[in-house]
Amino acid sequence: MSLDKATVAKIAHLARIKVPDSDLEQLAGELSTIMTWVEMLGEVDTQNVEPMTSVVAANLRRRPDAVTDGGYPEKVVANATDATENFFSVPKVVE
C-alpha cells in the first residue's frame with residue numbers, strides 16, 4: 001500500500017500530531033513500508049492455529065462463584081461517620 005503526502009497529513013491531523021510539511025514525504029515512505037509488512041501478515045496461513053492467551057499454558061485458580069454478604073456488616077460500617085441500619089449514610093448531592 002502506498003501512502004501519499006496528503007493522506008499522511010490527514011492521518012497526522014486526525015491523530016492530533018503536528019508534522020512539518022518537510023517531513024511528510026519521509027513519513028509517507030516509512031508508513032508505506034509498515035503497511036506493506038502488515039499486508040504480508042495477511043498471507044500467513046493461520047487456519048489450524050489455536051488462539052493463545054499466553055505463551056505458557058496455565059490454568060488459573062478459581063474460587064466458587066457464590067454471593068455472600070460478608071457476614072459482618074457491623075465491622076464494615078464501624079468507622080463510618082454516619083451509618084444507618086448498617087448502611088453508609090451520605091449527604092444528598094443531587095436535587
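Starting from 1, each residue takes its place in the sequence as its number.
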Rounded to the nearest 0.5 Å, how far apart are [atom1] of [X] and [atom2] of [Y]?
X	Y	atom1	atom2	answer
L24	T7	CG	OG1	10.5 Å
T36	L31	OG1	CG	10.5 Å
L41	E43	CG	CD	9.0 Å

Just wondering, are more than 12 heavy atoms of other shown residues or ligands nearer than 6.0 Å to [atom1] in [X]?
X	atom1	value
E30	CD	yes
E39	CD	yes
D82	CG	yes

Inset, instruction - Taking the side chain as every heavy atom from C-beta outward, state whether V77 and F88 have any pair of such atoms under 4.5 Å apart. - result: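 Result yes, sub-4.5 Å side-chain heavy-atom pair found.
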Legend entry - Set of residues satisfying side-chain contact (heavy atoms from CB on, under 4.5 Å) with respect to T33, sequence neighbours excluded: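 Result, side-chain contact (heavy atoms from CB on, under 4.5 Å) vs T33: W37.
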Inset, instruction - Report the C-alpha distance between V8 and V19 in whole Å, list the side-chain angles of each, state the deciding distance to 0.1 Å, and finish with yes or no for side-chain contact (heavy atoms from CB on, under 4.5 Å). - result: CA-CA 9 Å; V8 173; V19 178; 5.6 Å; no
Legend entry - Nearest heavy atoms of S89 and A83, plus distance in Å: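 Between these two residues, the closest heavy atoms are OG-C, 4.0 Å.
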Inset, instruction - Consider only side-chain heavy atoms of I, L, V, M, F, W and Y, link residues closer than 4.5 Å, and tell whether L3 and I34 are in one cluster. - result: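 Yes, L3 connects to I34 through the hydrophobic network.
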